[in-house]
Amino acid sequence: MQRITIDPITRLEGHGKIEIFLNEQGNVTNTYFQIPELRGFERFCVGRPVEEMPLLTNRICGVCPEAHHMAAAKATDAVYHVEVPRTGKMLRELLYSAFYCTDHTTHFYALGGPDFIMGPDAPVAERNILGVIHKVGLEIGGKVIQMRKYGHTVVEIIGGRKVHPCTSIPGGLTKGITEEQRKEIETMGRWAIEFAQFSLQVFNDIVLSNKTYLDLIVGDIYTHKTYYMGMVDENNKVNFYDGKVRVVGPDGKEYVKYEPKDYAAHIAEHVEPWTYLKFPYLKNVGWKGFTDGPDSGVYMATPLSRLNAADGMATPLAQAEYEKFYSTLGGKPVHQRLAIHWARLIELLYAAERWVELATDPEIRSMASTEMGKLPDSFNSTTDMTITHNPVGTDTAIEVRVCSNHHLLVPLLSTFIGNPLQMCASTTMRTITFN
Amino acid sequence: MSERIGVYVCHCGTNIAGVVDVADVSKWAGEKLADNGVVISRDYKFMCSSLGQELIQKDIKEQNLTRVVVAACSPHLHERTFRNACKGAGLNPYLCELVSIREQDSWVHTDKAAATAKAKAIISGGVARVIHHEALEPLRVPIHPDTLVVGGGIAGIQAALEIADAGFRVYLVEREPSIGGHMAQFDKTFPTLDCSACILTPKMVDVGNHPNITLLTWSEVQKVDGYVGNFAVTIKKKPRYIKTEDCTGCGICWEKCPKKVVDNVFEAGMGNRKAVYVPFPQAVPKYPVIDDVNCTYYLKGTCKACEKFCPTNAIDFNQKAEEITVQVGNIILATGYDLFDARRIPQYGYGKLANVFTNLEFERICNAAGPTGGNIVLRDGKTAPKTVGIVHCVGSRDKNYNAYCSAICCMQSLKFAHLVRERTGAEVYNFYIDIRTPSKGYEEFYQRLLEEGTRFVRGKVAEVTNVARVPEEEGKLIIQVEDTLIGKQRRIPVDMVILSSGMQARHDSKDVAKLFGISCSADNWFIERHPKLDPVATMTEGIYIAGCVQGPKDIPASVVQGAAAAARILGKIQQKEIALEPVRATINQDQCSGCRICNNLCPFSAILFHEDTMVSEVNPALCQGCGTCVAACPAGAISGTGFSNEQILSQIDGLLLLNISHAAVPVE
Amino acid sequence: MTEETKPFEPVIIGFTCNWCSYRAADMAGTARIKYAPNIRLIRLMCSGRLDPTFVFKAFAGGADAVLISGCHPGDCHYVEQNYKAMRRFHLLKRVLAQLGIEPGRLKLLWASAAEGAIFAAEINKFVEEVRALGPLNWAQPGEQVSTPIMEEVTA
Amino acid sequence: MSKPKFAMYWAASCGGCEIAVLNIHEKILDVDAAFDVVFWPVAMDAKYKDVEAMQDGEITLCLFNGGMRNDENEHIAKLLRKKSKIMVSFGSCACEGCIPGLANFSPIKEVVDTAFSTITTDNPENIRPQISYAMPEGIITIPTLNPVLKTLDQVVDVDYYMPGCPPESHQIAAVVDLVIAALNGKAELPPKGATIGAGNSTVCDECPRKRNVKTIKEFGRIQLMHTDPELCLLEQGIPCNGPATRSGCNARCPSAAAQCIGCYGPAEGVVDYGARLISAFASVIDSNKPDEIDKILDGLVDPAGQFYRFNLAGSLLRSSKSAQKG
């Protein structure tokens, strides 16, 4: 028996190790994806004031702190039973959309991109963002940097900081934005739309037009027929900030659609003794082990799954790309994991369009900044407002509502690396089907 | 570790060596603390002796010591001694640390092993601490030559005159309309029986006329800012309603004033005064005061008799209180005492039984200028008593009231007894617990009284009553007492009872102490810097105390203290500047964020905030070195010399070097 | 006699102010009033100098309890700094409790320069209270069940 | 000749430090120009074995972020220390434990038990992860958790500290410039042990809010108050850690109307971060009456969590060293 160890897994957020066992013929007999880390957010969030959850859970993942910040903030709104004013909701979603753009850019160009752009066999030293920049040239590299910069600028304007935003509090935000800031945000948003379209063009030119890659994508080596989860608005269109959780089966038909707060009725986490990671699955389907198919509760939560789980995109340009995506890949649902990268770019485009929609909505500045996110004065029961039950429950609940660009594993797996990007998720999936 | 530390363990005879194994401790320090820089460790019979000090100085020179730790008595006793010893050998005095293994170890513990182990811990704490000591220089501040004296009684008068005669300005503040204090109310003074007024008035007049004394009567201190050398004192001059510059003190106003007022202050309620008045004929200053609480004009809005008759138009009904601020270098507090209120002992009947008098009332009765013209008569103002009972220790030496001895009542009572017999020939009984006549000529006076035939009954009076049991008690006051010499209960009928009420601290002494930043004892007497060696200074530099404010005492003792305090201050004035302990806080201007946490923590307003640079700064002369701001600074930007974080934190480590549970078994 | 059979002797670090409580300790000494040898005193100019760091340092260094003492309220040599010590004491207790240190291990004692006897008596009382609490041994990170956890090697 | 080598690693961390480094934007190209990036899990595929293969001191600059949560973290820390000339304790986790250090409030057993018994956890046999587990194909292992989370310098010797959660990108850019300049002999590196990329004062120094003499009558919670946008938050009763927290972030949070939560850690020379806040907050409480003081303190719902939010693993009472003594 031969063993291949990949340690650590790279170009994704967090820690992971893969043990691959090969038989005499050199075929894989089994593979284990292990998560070596546990920090204990579930424990130490207990006893902390509720308003700190958006700040503490930020630190689950520094690549997508915005997801955890939003999630926790929405949980605290719920704890206080307050409805966030529309301006507050829009500001949060605006921040979040801009973050999507910067984050998807990071993933596509810096984390996932090298595989495509540099080619699967490129030397380690070059298979990274810098290699990518060398290859695509400073001009394009500059665009990538610009996109990340713009996204983080908006996050900073609304969230107070580029990484680990601090302005979302129970009931809303600590501050609003000025007209100058709104203008700046709008301008950057319009540029973001162009960048998203440009990126889709890059994907088209480098990947889709390359037979090897295309075969890789449409071929069934990276194919798993699982359930797909995503958040959708009232028209079953993809939404990042608010809505219901929709799950479709391997057959693409809706399996369930539920209120985020009911997450516990639908999601459970399976425990294995050989990793700190817990394995989430659809409770009502049940845990059948590391296998796919309609009888296995294993589900996917990624840009691809969100597209599969939705009936379309809420913005015109993204909707067009959505239709092209499925026509090219032969209809819904798409089971090929590598299509995630394409799906991500479609989400990038949607996020950029949404960014501009929100930035140009007259209500985005309808409230004075001091009025933002304050609870009614009548509300004054404060002492009991510390997290006294398992915070991951809370965190999960609202994480599900947010349904971030990173799949539902985020909170559920906060016990391991805080934030598995879909890359490591797909790695997870891959290990499953080696079984 | 570059420091070279010497450790010196004192036997203090057997005071320390009797309980702590000093030889072992010194050996241990030499070996176990070598890594901390201890290069030599000795023990010696008496470290504070000149030989002991020379021992240290010799080592400093020969062993090139850079730090010294002495393990002996409390730093409050000998810190100076050993610092000076180091200084003598050319080592900065602040590089020496005195740790107490006597008051805090050998004297309070019996388990020798434990005490020895504790001594080791204390020394290792001292060694760890002394490493972080810095060479410090005392802070020098100039002394303003003017002095403030608060209280115009005999102690204050004496102090003021001493300083003024030496040629320096004195501000004398008195809250009554005239100086003189209690002494001015007395008739005769024991034991010589010379007339109180006769010896006091000349001094009062001197004060009034002295070119170097600014007399501020009918005034009170409101606020004290600053620090030794330059206090800024705000004084409130209450309105006299008299233009002093025009008033001649002719007395027409109080003759004409229609309003009689019971004089509870000077006449102790025995006599009346007018609404416009001088407390007594020899008052200094001579200007009267209008009592605006009782004056008809202020009550009804009409009268103004005084104004009509005043030959110099010196009356001014619109006068307002006035505040002045004076700069002084030193302050003497001579605010005196209150009399114990005899009403608090109901069984003695004062206030209920007409012919029970207090000592102060009796002083006024005896006084030729008093309400009875000096005739010793009963409350009715005519009947002379045939028998008089004098009760000693009223409210004193009594755990229910004041536990302490008021020091003067014995002699005062003897004086009364003498005066009664001399002027009325009445029979006098003294009821005493003990007779205390310790000073010059006092015992002789007591003997004289015994020969005069005054009766002495040893026993604490249980009750004074007018309830007769037998006919001969009818209409008399009966004194119920256990005569402890014959061991019998006795009932002695008398016509008049005099209660020798003791002294107690001024009712407002706590407030006054706060105002001047000094502290009070449990009995509210002001606390002196040292009960024996420094009885007139206080813990607060530049503030001195004199007279009864420090504790009960008689006139001679008060005069001595007044003079002593004056002498101390004159010394300071002569030096022109004073060296202050360099224990001070400083703010690192780079590290200070201007958060302003410290800004209102300083009771001496030593911390000021610069609006322009947005940082705070400490005024070293105002800083008293308490270290509160050092402990509070969130940025760690404030450091305190002498008690720095490094010093304390290292001392903690040092103290914890040994675990006490090892005490029974010697460590290693 | 062996370590085991010896009664637990707590180590207590006491912070005293130069004007009142340290003098109270001196007074106890001059009056030869006996008290338990378990306390080791540190002199500060004022209880207002008491930095919570000192308390933490003492506990971290192995003290079983800490005494904070100063002039009685209103008697502070520096007018009112002992009130600051009192405020810190109240907050300190809360924080220590959250850090797993029994509030009983931190004591605030007002003692005037005249109260040597009271000072000594209070120390004896405190020593017994701490003896009853046992050695300071706050919630031990360490022992585990199914997840093996590395025992921290004591340096 | 080959360029100096650059490495960045995360131990128990969130990846925010990596993002902060990427957020120096164009400057990343300078890094590329000046260094060979030899190890950086988030961005490139070099593995542990590649690091083990390096010469001692081969790496010129190593930015190490993340705390010491388990023995793997410690192992990599020691490995990279050996291989690196300049080791920077990068970010709050490495410097003082950060949010994951809050785990030091509880015994590690409780931490694990809680994680594997949450309401969504399906764990009927109450399984706990095992550091070594025999699979049919062979034994596979995961790291052992430390009793307490340690800071980097509690495990290895570090050359510089760069605080912040994460360090501000403009500070990172400045430090990158400095190091590059130093490598070209155009600048001096600060003395070993120095804190770089931060100020010497505290957040108030950079905070635009107006400050008065402080007295606190009551503590409040930000979501329950209408705060004055101009005035110091602490003066309004909001427990802002700014006064005790090292400057360098341009007072980001207070500028965004949120209280400083203390991610830049203690100021220069401070022994215990929490103690500074305890002392400062308590000192300015506007009462001398015990019961009133307690009433005011009730407004601080979680004092220890508030004062040690980022610093627990670096505190006197809850750092690795004291845990040993306890």
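First the proteins, then the strands, lettered A, B, ... as listed; each starts at 1.
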- For D:Ile28, is it the side chain, the backbone, both or neither that has a heavy atom under 4.5 Å from a heavy atom of chain A? both
- Could you tell me whether A:Glu52 and D:Arg309 have a side-chain N and a carboxylate O separated by less than 4.0 Å? yes
- Query: If we ignore angles and hydrogens, is there a donor and acceptor under 3.5 Å between the side chains of A:Lys162 and D:Ser169?
  - Reply: no
- Non-hydrogen side-chain atoms of D:Arg252 and A:Cys166 separated by less than 4.5 Å: no
- Report yes if the side chains of D:Thr114 and A:Phe44 come closer than 4.5 Å at any heavy-atom pair, otherwise no. no
- Task: Output all residues satisfying salt bridge (charged side-chain N to carboxylate O under 4.0 Å, His left out) with A:Asp7, sequence neighbours left out; order by chain, then residue number.
- Result: none
- Message: Can you give me the closest heavy-atom contact between D:His25 and A:Ile145, atom names plus distance?
- Response: CB-CG2, 3.6 Å
- Task: Quick one: pull up OG in D:Ser255 and NZ in A:Lys175 and give me the separation to the nearest 0.5 Å.
- Result: 9.5 Å
- A:His152 and D:Asn23: which non-hydrogen atoms are nearest, and at how many Å? CD2-OD1, 3.3 Å
- Query: Does the side-chain contact (heavy atoms from CB on, under 4.5 Å) test come out yes or no for A:Asn128 and D:Val37, once each step is laid out?
  - Reply: CA-CA 10 Å; A:Asn128 58 52; D:Val37 180; 5.7 Å; no
- Item | Between CG on residue D:Leu29 and CG on residue A:Leu138, distance to nearest 0.5 Å | 6.0 Å
- Answer with yes or no whether the side chains of D:Asn123 and A:His270 bring together a donor and an acceptor at under 3.5 Å. no
- Query: Any idea which heavy atoms bring A:His164 and D:Cys14 closest together, and the distance?
  - Reply: NE2-SG, 3.5 Å
- Do the side chain of A:Tyr276 and the main chain of D:Pro143 share a donor and acceptor less than 3.5 angstrom apart? yes
- Is it the side chain or the backbone of D:Cys17 that comes within 4.5 Å of chain A heavy atoms, both, or neither? neither
- If every non-hydrogen atom of A:Ile169 is compared with every non-hydrogen atom of D:Ile222, which pair is closest and at what distance? CG2-CG2, 4.1 Å
- Query: Given D:Tyr48 and A:Lys17, is the side-chain contact (heavy atoms from CB on, under 4.5 Å) satisfied, shown in steps?
  - Reply: CA-CA 11 Å; D:Tyr48 295 146; A:Lys17 172 175 150 198; over 6 Å; no
- D:Glu72 versus chain A, the contacting section by heavy-atom distance below 4.5 Å: side chain
- Note on the structure: Checked D:Ile76, D:Leu149, D:Thr141 vs chain A; the most non-hydrogen pairs under 4.5 Å come from D:Thr141
- Among D:Lys49, D:Glu125, D:Met135, single out the residue with the greatest number of heavy-atom pairs under 4.5 Å to chain A. D:Met135
- Between D:Leu102 and A:Leu56, is a side-chain contact (heavy atoms from CB on, under 4.5 Å) present by the stated rule, with each step listed? CA-CA 10 Å; D:Leu102 289 170; A:Leu56 301 190; 4.2 Å; yes
- Are any non-hydrogen side-chain atoms of A:Glu269 and D:Thr118 less than 4.5 angstrom apart? yes
- Check A:Thr10 against D:Asp45 and note the closest heavy-atom contact, atom names and distance. OG1-OD1, 2.7 Å
- Any side-chain heavy atom of A:Arg161 within less than 4.5 Å of one from D:Cys263? yes
- Roughly how far, to the nearest 0.5 Å, is CD1 of D:Ile99 from CG of A:Leu55? 8.0 Å
- Message: So D:Phe310 and A:Arg59, do their side chains get closer than 4.5 Å, heavy atoms only?
- Response: yes
- Got a sec, which residues hit ring pair (Phe, Tyr, Trp, His ring centres under 6.0 Å) with D:Trp40, two or more places apart in sequence or on another chain? D:Phe6
- Message: At a 4.5 Å cut-off on heavy atoms, which part of D:Val31 comes close to chain A: side chain, backbone, both, or neither?
- Response: neither
- Is the backbone N or O of D:Ala12 less than 3.5 Å from a side-chain atom of A:His15, with the two atoms forming a donor-acceptor pair by type? no
- Note on the structure: With chain A, the option among D:Glu137, D:Glu168, D:Met44 that has the most non-hydrogen atom pairs under 4.5 Å is D:Glu137
- Message: Any heavy-atom pair between the side chains of D:Trp10 and A:Glu37 that's under 4.5 Å?
- Response: no
- Task: Pick one of side chain, backbone, both or neither for A:Ile158, based on which atoms fall under 4.5 Å of a heavy atom in chain D.
- Result: neither
- Considering only heavy atoms, which portion of D:Glu26 lies under 4.5 Å from any heavy atom of chain A: side chain, backbone, both, or neither? both
- Item | Pairing of A:Glu51 and D:Arg221 as salt bridge, 4.0 angstrom limit | yes
- Okay, A:Thr106 and chain D: the region with an atom under 4.5 Å from a heavy atom over there is side chain
- Task: Give the C-alpha distance, both sets of side-chain angles, the deciding distance and a yes or no for salt bridge (Lys or Arg N to Asp or Glu O under 4.0 Å) between A:Arg43 and D:Glu110.
- Result: CA-CA 7 Å; A:Arg43 181 74 197 88; D:Glu110 275 179 31; 3.1 Å; yes
- dist A:Trp274:CH2 -> D:Gln130:CD (nearest 0.5 Å) comes out at 13.5 Å
- Query: If you measure from OG1 on D:Thr120 to NZ on A:Lys278, what distance do you get to the nearest 0.5 Å?
  - Reply: 5.5 Å
- Item | Which atoms of D:Ala11 approach chain A - backbone, side chain, both or neither, heavy atom under 4.5 Å | backbone
- Message: Tell me which of these, D:Pro166, D:Cys165, D:Ala20, D:Pro100, has more heavy-atom pairs under 4.5 Å with chain A than the rest.
- Response: D:Cys165
- Task: Please report the closest heavy-atom contact between D:Asn70 and A:Pro36, naming both atoms and the distance.
- Result: ND2-O, 3.3 Å
- Message: Quick check for you: among A:Thr167, A:Thr102, A:Asn58, A:Leu130, which has the greatest number of heavy-atom pairs under 4.5 Å with chain D?
- Response: A:Leu130
- Query: Which bit of D:Ile261 is near chain A, if near means a heavy-atom gap under 4.5 Å: side chain, backbone, both or neither?
  - Reply: side chain
- Assess the side chains of D:Tyr133 and A:Glu272: does a donor N or O sit below 3.5 Å from an acceptor N or O? no
- Does the pair A:Tyr80 and D:Gln223 meet the rule for a side-chain contact (heavy atoms from CB on, under 4.5 Å), with working shown? CA-CA 10 Å; A:Tyr80 278 97; D:Gln223 67 269 31; 2.5 Å; yes
- Given that the side chain runs from C-beta out, which part of A:Ile157 has a heavy atom under 4.5 Å from chain D: side chain, backbone, both or neither? neither
- What distance do A:Ile129 atom CD1 and D:Leu22 atom CG have between them, rounded to the nearest 0.5 Å? 7.5 Å
